[in-house]
Amino acid sequence: GDWRMKEHRLSGRRLAEIAIFAAGLLLGVLMLWRAQSGGDQLNLLARGWLLAARGELVPYGNPLSNQGNAPGPLTSVLVGLPLLVWMDHRAPIVLVLLTHVLGYALLHTTLRPLLSPRERLLLALLYWLNPWRVYFSGFLWNPNYLFFVGAVHLASARAMRERRRWGPTFAHALAVGLSFELHPSFTILALGSVLLFWRGYLRVHWGGFAAAVVVVLATLWPWAAAALADPTILPGGVGFPLRGLLLVFPLVRGLSYWLRHASLAVSGSLRTFDFSELTGAGGQSVLRWAGLILGGCGWLSIAAPLLANVRFARWARRAWRRRGSGQTNGRAWLRGYLLCVFGGAFGAF
């Protein structure tokens with residue numbers, strides 16, 4: 001009887017996981033279908049259209065906030081290839097949503113041995129149905145591809161914990177290197193990898209690492225040639241090293257996102273509901289108040305990740321005094337991974 005009850009609870013949680021996944025996927029498809037384009041999206045679509053329609057590979061990405069353009073032609077490829085299949089502004093978003101699905105599948109597979117059934121259900125709820133992730137799966141923007149890159153980073157690091165392996169090392173280094181062409185926030189993963197190696201949480205196969213470096217440099221060659229011909233496309237690098245520590249705001253802003261991404265404290269644009277075509281002016285006023293209420297509840301929800309991080313910090317203080325080991329149990333390794341990635345995020349901010 002106890003065995004049957006336990007099996008019933010497990011199957012119930014499994015069904016709940018499937019329902020959560022279906023809900024998140026349905027929301028993503030709905031957002032994809034109704035997606036609009038402007039600003040960054042038009043810049044990306046222009047590069048992809050040149051590749052799909054004229055066979056021209058633009059060797060750099062979107063303009064950066066610190067001058068210049070994102071290095072490498074990867075964004076042109078990621079946008080252009082879907083346009084070859086379906087010449088519609090929503091075609092590249094299909095690939096974005098697909099990377100989110102593959103990233104979640106990789107996370108689930110990697111973490112399944114380390115988490116209890118209840119924790120796997122919480123992972124589905126707090127990650128897959130997270131409003132931040134759902135939002136980033138439904139439109140075209142460079143950072144939206146990084147959910148998959150982050151999953152590859154975790155999975156490959158986990159595979160490198162005990163011994164040097166060519167394949168996982170190649171995948172790990174390639175993921176970090178190619179994300180350099182997508183968004184400057186790749187530095188979080190890069191610095192996290194350095195800390196993981198330094199603390200002994202992963203073992204590097206130098207042959208696999210060298211092969212990944214060669215591939216990344218090969219993809220950057222068109223950009224390097226274009227930069228020699230036109231130096232204005234080089235990133236400007238506004239600011240100076242460690243400005244986040246001296247000016248405080250970049251560091252505080254970054255750390256706030258560390259907490260907010262694990263909460264319901266979404267940005268204002270995610271709470272700006274516009275259903276005026278269906279509800280009229282009166283209904284829109286109600287939705288505006290709903291957005292304000294959700295915003296207040298969202299900021300209150302930061303208490304949960306804040307308490308989780310305080311609890312984690314107590315463990316981290318003790319763990320930092322000793323180096324990691326590939327032989328450590330899975331839960332301890334996962335905590336070490338989180339500690340190193342947080343260190344990478346702190347350094348990036």
Side-chain angles (χ1 to χ4, degrees), residues 70-72 74-75 78 95-96 98-115 123 126-128 130 132-133 136-137 141-206 208-213 215-216 219 254 257-258 261-262 312 316 324 326 328 330-349:
L74 182 59
T75 51
L78 291 175
L95 179 59
V96 170
L98 180 60
T99 63
H100 280 237
V101 171
L102 293 175
Y104 176 64
L106 189 56
L107 276 180
H108 189 276
T109 302
T110 303
L111 296 177
R112 184 179 178 84
L114 310 181
L115 303 179
L123 175 68
L126 300 178
Y127 175 81
W128 180 252
N130 187 299
W132 290 94
R133 191 216 58 78
F136 286 122
S137 72
W141 195 34
N142 299 68
N144 299 1
Y145 297 101
L146 293 180
F147 287 81
F148 175 69
V149 176
V152 173
H153 187 273
L154 169 62
S156 56
R158 173 76 178 151
M160 298 159 63
R161 71 192 186 281
E162 293 183 352
R163 59 188 178 91
R164 297 174 176 85
R165 300 174 62 187
W166 194 96
T169 302
F170 177 80
H172 191 89
L174 187 66
V176 174
L178 291 181
S179 63
F180 170 66
E181 302 183 31
L182 294 175
H183 196 260
S185 58
F186 89 97
T187 51
I188 294 174
L189 298 179
L191 292 173
S193 295
V194 171
L195 289 175
L196 285 166
F197 174 72
W198 176 48
R199 301 299 298 175
Y201 284 102
L202 56 79
R203 303 177 187 277
V204 176
H205 188 292
W206 295 109
F209 179 81
V213 169
V215 172
V216 172
T219 66
Y257 275 117
W258 176 269
H261 284 167
F312 179 69
T328 191
R331 302 279 291 201
W333 181 91
L334 184 59
R335 293 191 189 99
Y337 176 88
L338 291 171
L339 178 60
C340 291
V341 172
F342 175 78
F346 187 90
F349 301 149

Do any N or O atoms from the side chain of [X] and from the backbone of [Y] form a donor-acceptor pair under 3.5 angstrom?
| X | Y | answer |
| --- | --- | --- |
| R164 | R203 | no |
| N130 | A262 | no |
| N142 | L182 | yes |
| T99 | V96 | yes |
| H100 | W128 | no |

Measuring only between side-chain heavy atoms, which start at C-beta, is [X] closer than 4.5 Å to [Y]?
| X | Y | answer |
| --- | --- | --- |
| L74 | T219 | no |
| M160 | T169 | yes |
| L338 | F312 | yes |
| L154 | V341 | no |
| L114 | R158 | yes |
| T109 | R112 | no |
| L174 | V152 | no |
| Y201 | Y337 | no |

Open item on the list: Tell me whether the rings of W132 and F136 are parallel (<30°), tilted (30 to 60°) or perpendicular (>60°).
Closed with: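 Parallel: the ring planes of W132 and F136 meet at under 30°.
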Open item on the list: Once you measure the plane-to-plane angle for H172 and H153, does it fall in the parallel (<30°), tilted (30-60°) or perpendicular (>60°) bin?
Closed with: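 H172 vs H153 ring planes: tilted.
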Within this structure, what is the [atom1]-[atom2] distance for the pair [X] and [Y], rounded to the nearest 0.5 Å?
| X | Y | atom1 | atom2 | value |
| --- | --- | --- | --- | --- |
| L126 | R133 | CG | CZ | 12.5 Å |
| Y127 | L111 | OH | CG | 10.5 Å |
| T110 | L334 | OG1 | CG | 10.0 Å |
| W141 | L146 | CH2 | CG | 10.0 Å |
| L107 | L102 | CG | CG | 11.5 Å |
| F148 | L98 | CZ | CG | 9.0 Å |

Taking all atoms of both residues into account, what is the closest heavy-atom pair of [X] and [Y], and its distance?
| X | Y | result |
| --- | --- | --- |
| L191 | G347 | CD1-C, 3.9 Å |
| A173 | A212 | CB-CB, 3.5 Å |
| V176 | S179 | O-OG, 2.7 Å |
| A348 | T187 | CB-OG1, 3.5 Å |
| A70 | E181 | CB-O, 4.3 Å |
| A175 | V149 | O-CG1, 3.6 Å |

Task: Heavy atoms from other residues, nucleotides or ligands near CZ of F209 exceed 12 (cutoff 6.0 Å) - done: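 At most 12 heavy atoms, drawn from other residues, nucleotides or ligands, come within 6.0 Å of this atom.
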TODO: Check the pair Y145 / T75 against side chain to side chain contact (heavy atoms under 4.5 Å, CB included), numbers first and verdict last.
DONE: CA-CA 10 Å; Y145 297 101; T75 51; 5.9 Å; no
